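Taking it in order: structure first as structure tokens, then the write-up.
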Amino acid sequence: MESNSDIKTTPKGFQCTLCNVNLPNLPSLEQHVKGRKHQTLSTVRHSRKTQEEHSVFVSGIKPEVSQTELAEYFQKFGSVADVIMDKDKGLYAIVQFSEKESIQATLSCVEHQMKGLKLRIKPREKKEFKLIPKKSDSDKQVLDRLKPQLCQLVSVDAQMQFVVERFQLGENEKKTRGLLVQLLQEVFVEFFPDSQIVPFGSSVNTFGVHSCDLDLFLDLEKTKMFQAHAKFTTEPEKGEGMSDDGHSEDSILSDIDLSTASPAEVLDLVSMILKRCVPSVHKVNVVSSARLPVVKFHHRELNLQGDITLNNRLAVRNTRFLQLCSGIEDRLRPLVYTIRYWAKQKQLAGNPSGAGPLLNNYALTLLIIFYLQNCEPPVLSTVDQLKDMACEEEECVIEGWNCTFPTQPIAVPISKNTQSLSTLLSGFFSFYAKFDFAGSVISVREGRTFPITDFLSKNKDEEATKEPSRIHHHSPKLGPLNLLDPFELSHNVAGNLNDRTQRCFQKECQEAEKYCRSLQYQRKSTKGKSWGLVRLFTPHGEVPHTKVEKLTISVPFKSALLPEALRNQLHAAGDGFRLLWFQKVCAAVESVLKNVLRCHVTPPTNFSTDSEDWAVKAAEEMETTSSSLSTSLNDSYDSVESQNEASPAGTAVVGAKRPLSPDIDTSVSPQGKKQRLTRRGKPKLPAWTCLQRHMVWAGRRKVRRELIKDPDMRPEGSCVQVESRVTAHIIEKEPELKEPLEFKVEPQVVGETESTKAVLHLEPTSDNAGLFNNFFHFLDAFLPKMVETLLQNETGAV
Ligand code: ATP
Ligand code: MG
């Protein structure tokens with residue numbers, strides 16, 4: 001590779017100082033240097049440098065001096081390419097020449113006089129080109145300041161209370177937000193008579209943090225009535241000044257009929273009003289593609305992001321619900337603030353740009369509420385119970401959804417649960433560490449889960465009549481995490497999550513649960529070390545790793561995505577469904593490695609996943625070697641559990657009823673503890689040995705994009721075929737690796753009390769070029785998706 005001053009060698013590989021990234025090996029470095037980010041930054045740096053070398057800094061001007069006047073004045077020293085004025089005050093400018101020589105000519109002139117002003121000219125400062133530090137850097141500063149403050153407190157409960165104090169919206173912030181709402185109200189009512197601006201979301205739901213956005217609902221219901229009334233009463237004298245109640249008919253309203261206008265049209269008007277009439281508001285954007293179209297804006301002075309939506313009565317109501325929960329239960333706020341901050345640090349929640357595959361804070365808060373409804377005894381009542389506590393005047397139905405609950409917390413009896421904050425926090429982690437996300441739909445309304453199969457049935461009408469609160473309107477969009485809104489029951493509030501986020505959420509809960517069982521969590525360090533919440537808040541990469549990361553890839557069991565025929569087959573298999581499903585997964589994994597990624601795959605001796613008996617033989621093997629098949633795992637786990645003193649009583653353990661690999665590592669427990677069963681001298685379950693001769697993962701996205709774009713090349717058919725073509729293309733174009741990458745894949749099935757999943761243990765057996773890590777990260781995302789696709793096309797014969 002050509003020499004590049006941006007690249008430094010480090011003990012762990014390379015560092016690109018321009019992009020501020022670390023690369024583990026030469027191939028990934030080469031890939032990075034050719035990549036879009038590096039190329040763009042190089043180009044930007046080059047053009048900045050050229051600008052600097054061609055321009056001078058001019059001060060001593062006045063706001064009335066125009067760009068053209070300046071250009072004309074400097075023209076006498078050389079051709080002027082551009083003049084950039086400071087936007088706010090117009091007191092200085094940068095004049096850019098076409099030729100470098102013009103700078104010398106300008107600087108050598110002793111006095112610059114223009115329109116009676118004495119201009120001062122300086123050469124441009126040479127600034128080192130640097131990436132603007134990411135937001136996470138300032139997050140890091142926040143955490144660095146928070147750590148010692150937390151460490152000196154006496155208990156985890158005190159730390160949690162401190163987190164609330166530290167992050168909650170202050171009184172002044174609430175006041176300024178209130179003033180902005182008032183100002184917007186005054187402006188909007190001018191254009192939309194009788195309209196109302198209603199704040200909702202974290203600014204008012206008692207869970208707001210310093211930088212949280214300001215969510216506003218523009219209620220135009222009364223404006224519509226006003227308009228209808230005005231149309232009716234003023235029709236004959238149209239255009240004659242003022243209406244009866246003094247509203248100007250010359251308003252924007254005369255241009256739009258709210259009864260027929262689309263939300264996008266109304267939002268365009270809203271955006272225009274914001275731009276023209278509200279001081280300090282800028283960056284106004286209409287986002288019509290969102291689930292609920294929204295106008296986004298930024299308030300410069302308050303440094304505040306605002307969102308205005310229409311038709312959002314349900315969100316206003318669920319905000320009231322969260323307020324009520326806070327009022328009923330004092331422990332909720334410390335829990336929510338702590339868990340929100342933990343989730344942010346672990347990059348599980350908070351979708352920075354609004355949309356994204358992470359949990360949003362509303363969904364995360366509902367997960368906390370659901371957990372509290374399921375504590376023993378419950379900390380919070382279910383929404384259905386709250387409904388029954390409300391009086392007649394409090395009845396509320398929005399868009400057909402029952403949103404009734406008491407207005408005042410006093411109407412709700414105090415919980416009998418007296419657990420401390422720290423116990424509830426660790427309980428939250430254990431609860432979700434072993435939660436069956438794949439098989440359940442969470443209902444905060446009823447405070448329980450439903451089996452996912454309840455939502456797969458075609459005959460919804462029939463069910464709806466049986467349980468009207470459950471299935472209403474249409475079914476929710478199912479995904480890796482199914483969390484029904486407590487009011488809009490057909491809405492999965494976590495429908496935006498992808499598999500990865502769901503898996504990471506559960507993995508982080510398992511990690512946190514394990515940590516919460518340590519003394520480091522429970523007791524203040526007498527030696528001034530980090531303890532309690534501090535370790536929980538430490539982002540990835542900063543927690544010292546004591547052991548090598550285990551390279552496992554999980555393929556979750558997702559009944560919802562399987563074709564009808566396969567679902568029926570699994571249903572018929574009864575208890576043995578896991579085994580049958582696992583067999584299909586194994587065949588699909590082998591097919592992806594062999595046919596899609598073109599690995600040379602050596603199947604386990606005497607077994608072939610092409611033949612139906614692969615998994616069956618594995619099970620038979622188990623049957624003859626293990627003492628009792630039907631009880632094998634549960635018994636073994638019991639004995640492991642009973643030896644495990646640190647494990648809290650009552651925590652469920654994982655395990656398949658029919659594990660395929662009872663004598664090797666079974667699975668990772670919900671507590672994150674590896675459960676090792678006693679070896680009984682049985683042979684290990686065979687693994688595939690794979691050989692990869694090409695970097696089929698490198699630049700894959702780009703090749704795919706190009707293949708799909710090119711009409712001659714466009715591969716027809718399923719995405720499996722597309723991916724196979726992508727691999728073929730890479731193999732054709734890129735040279736073979738000098739030393740092929742060799743690795744082992746050992747499959748295993750887990751399930752029962754935990755989500756059913758197939759776990760693939762990967763291990764490099766020959767990797768002299770240090771490529772395995774990159775390949776593994778690619779496979780981690782690619783393999784489960786491909787297997788899922790193959791299973792969806794499953795016709796019975798894999
Ligand atoms: P923050 O802005 O601090 O992230 P928030 O609670 O304000 O937290 P937003 O994403 O701004 O979260 O959403 C504002 C409000 O809109 C939420 O409080 C909730 O009332 C409602 N809301 C958000 N997402 C959903 C959703 N998926 N389903 C139903 N209501 C939602
Ligand atoms: Mg918000």
Side-chain angles (χ1 to χ4, degrees), residues 135 139 163-164 167-169 173-174 177 180-181 197-219 287 290-299 302-326 332-333 336-345 347-370 383 398-399 401 403 405 442-445 473 476-479 481-497 501:
K135 206 173 152 270
D139 289 346
V163 170
V164 179
F167 292 109
Q168 72 184 345
L169 280 173
E173 284 170 288
K174 284 193 211 157
R177 281 168 190 251
L180 179 59
V181 172
I197 283 274
V198 188
F200 67 98
S202 56
S203 297
V204 286
N205 68 10
T206 74
F207 303 117
V209 297
H210 295 311
S211 56
C212 72
D213 61 1
L214 176 63
D215 301 293
L216 300 168
F217 161 51
L218 175 61
D219 186 350
V287 184
R291 187 175 83 93
L292 288 173
V294 58
V295 183
K296 293 188 164 287
F297 66 89
H298 186 257
H299 192 282
L302 303 179
N303 189 18
L304 192 63
Q305 176 64 44
D307 281 2
I308 300 185
T309 38
L310 311 168
N311 307 329
N312 213 354
R313 239 167 263 282
L314 279 164
V316 174
R317 191 64 187 163
N318 68 38
T319 297
R320 300 273 171 274
F321 166 68
L322 296 187
Q323 283 171 338
L324 174 76
C325 290
S326 261
L332 182 60
R333 289 186 75 226
V336 170
Y337 275 88
T338 305
I339 293 170
R340 278 192 181 191
Y341 190 58
W342 163 81
K344 183 169 172 235
Q345 293 299 96
Q347 292 171 6
L348 301 168
N351 296 310
S353 58
L358 304 186
L359 277 165
N360 68 32
N361 278 325
Y362 176 63
L364 186 59
T365 310
L366 290 181
L367 284 176
I368 300 169
I369 292 179
F370 179 71
V383 178
I398 298 172
E399 292 171 26
W401 302 107
C403 303
F405 49 77
I442 298 172
S443 162
V444 181
R445 174 108 217 159
H473 298 245
K477 170 189 165 199
L478 296 176
L481 199 161
N482 300 302
L483 170 59
L484 297 184
D485 188 85
F487 307 107
E488 189 183 359
L489 299 176
S490 63
H491 173 47
N492 175 10
V493 301
N496 61 316
L497 253 66
T501 314

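Whatever order the structure lists ligands and atoms in, that order sets their numbers, starting from 1. This structure is a prediction, so every number in the text was calculated from the model and none was measured. These values consider heavy atoms only, across backbone and side chains, with no hydrogens, waters or symmetry-generated copies.
The residue from Val204, Asn318, Thr319 that puts a heavy atom closest to atom 30 (N) of ligand 1 is Asn318. If you check each of Thr309, Val493, Asn361 against atom 4 (O) of ligand 1, the one with the closest non-hydrogen atom is Asn361.
Taking the six-membered ring for Trp and thresholds of 30 and 60 degrees, Phe321 and Phe487 have ring planes more than 60 degrees apart, a perpendicular arrangement.
Of the possible polar contacts, one joining the Asn492 side chain to the Leu483 backbone as a donor-acceptor pair under 3.5 Å is found. Side chain of Tyr337 to backbone of Gly208: a donor-acceptor contact under 3.5 angstrom is found. Remark: side-chain polar atoms of Asn312 are not paired, donor with acceptor, to backbone N or O of Leu216 under 3.5 angstrom. Asn496 places a side-chain N or O within 3.5 Å of a backbone atom of Leu358 that can act as its donor or acceptor partner. Of the possible donor and acceptor atoms, none in the side chain of Arg340 sits under 3.5 Å from a partner among the backbone N and O of Leu364.
Distance from atom 31 (C) of ligand 1 to its nearest protein heavy atom, with residue and atom name: Tyr362 CD2, 3.4 Å. In this structure, atom 21 (C) of ligand 1 lies nearest to the protein heavy atom Ala315 CB, 3.9 Å. In terms of protein heavy atoms, atom 7 (O) of ligand 1 is closest to Ser202 N, 2.8 Å.
Proximity to Phe200 (heavy-atom distance under 4.0 Å) selects the following atoms of ligand 1: 14 (C), 15 (C), 16 (O). Ligand-side atoms of ligand 1 in range of Asn360: 24 (N), 27 (N), range being under 4.0 angstrom from any heavy atom. If you number the atoms of ligand 1 from 1 as listed, the ones under 4.0 Å from a heavy atom of Asp215 come out as 7 (O), 11 (O), 14 (C). Interface atoms of ligand 1 facing Cys212, defined by a heavy-atom separation under 4.0 Å, are 3 (O). Interface atoms of ligand 1 facing His491, defined by a heavy-atom separation under 4.0 Å, are 26 (C), 27 (N), 28 (N), 29 (C). Atoms of ligand 1 lying under 4.0 Å from any heavy atom of Gly201, numbered from 1 in the order shown and given with element: 7 (O), 14 (C), 15 (C), 18 (O). Remark: ligand 1 atoms within the under-4.0 Å shell around heavy atoms of Asn205 are 6 (O), 18 (O).
Per-atom contact check: atom 2 (O) of ligand 1 touches the protein, criterion being a heavy-atom distance below 4.0 Å. For atom 12 (O) of ligand 1, no protein non-hydrogen atom is found at a distance below 4.0 Å.
In this structure, Ile369 and Cys325 have side chains that are in contact, with non-hydrogen atoms separated by less than 4.5 Å. You'll find the side chain of His299 stays beyond 4.5 Å of the side chain of Leu214, heavy atoms only. At least one side-chain heavy atom of Leu489 sits less than 4.5 Å from a side-chain heavy atom of Trp401. Inter-residue side-chain proximity for Cys212 and Arg177 is flagged as met; some heavy-atom pair is nearer than 4.5 Å.
Geometrically, Arg317 does not engage Phe200 in a cation-pi contact defined by less than 6.0 Å to the ring centre and at most 45° from the axis.
Here the options are Leu302, Asp307, Asn303, the test is side-chain contact (heavy atoms from CB on, under 4.5 Å), and the partner is Gln305; only Asp307 passes. Evaluated for a side-chain contact (heavy atoms from CB on, under 4.5 Å) with Val198, the options Val204, Val181, Thr319, Val316 yield exactly one hit, Val316.
The closest side-chain donor-acceptor pair between Asn205 and Tyr362, if any, does not fall under 3.5 angstrom.
Of the heavy atoms in Phe207, none comes closer than 4.0 Å to ligand 1. Contacts between Glu488 and ligand 1, counted as non-hydrogen atom pairs separated by less than 4.0 Å, are absent for every part of the residue. The part of Asp485 lying near ligand 1 is the side chain, judged by heavy-atom distances below 4.0 Å.
For the Mg ion (ligand 2), protein N, O or S atoms closer than 2.8 Å were enumerated as Asp213 OD1, Asp215 OD2, with waters left out.
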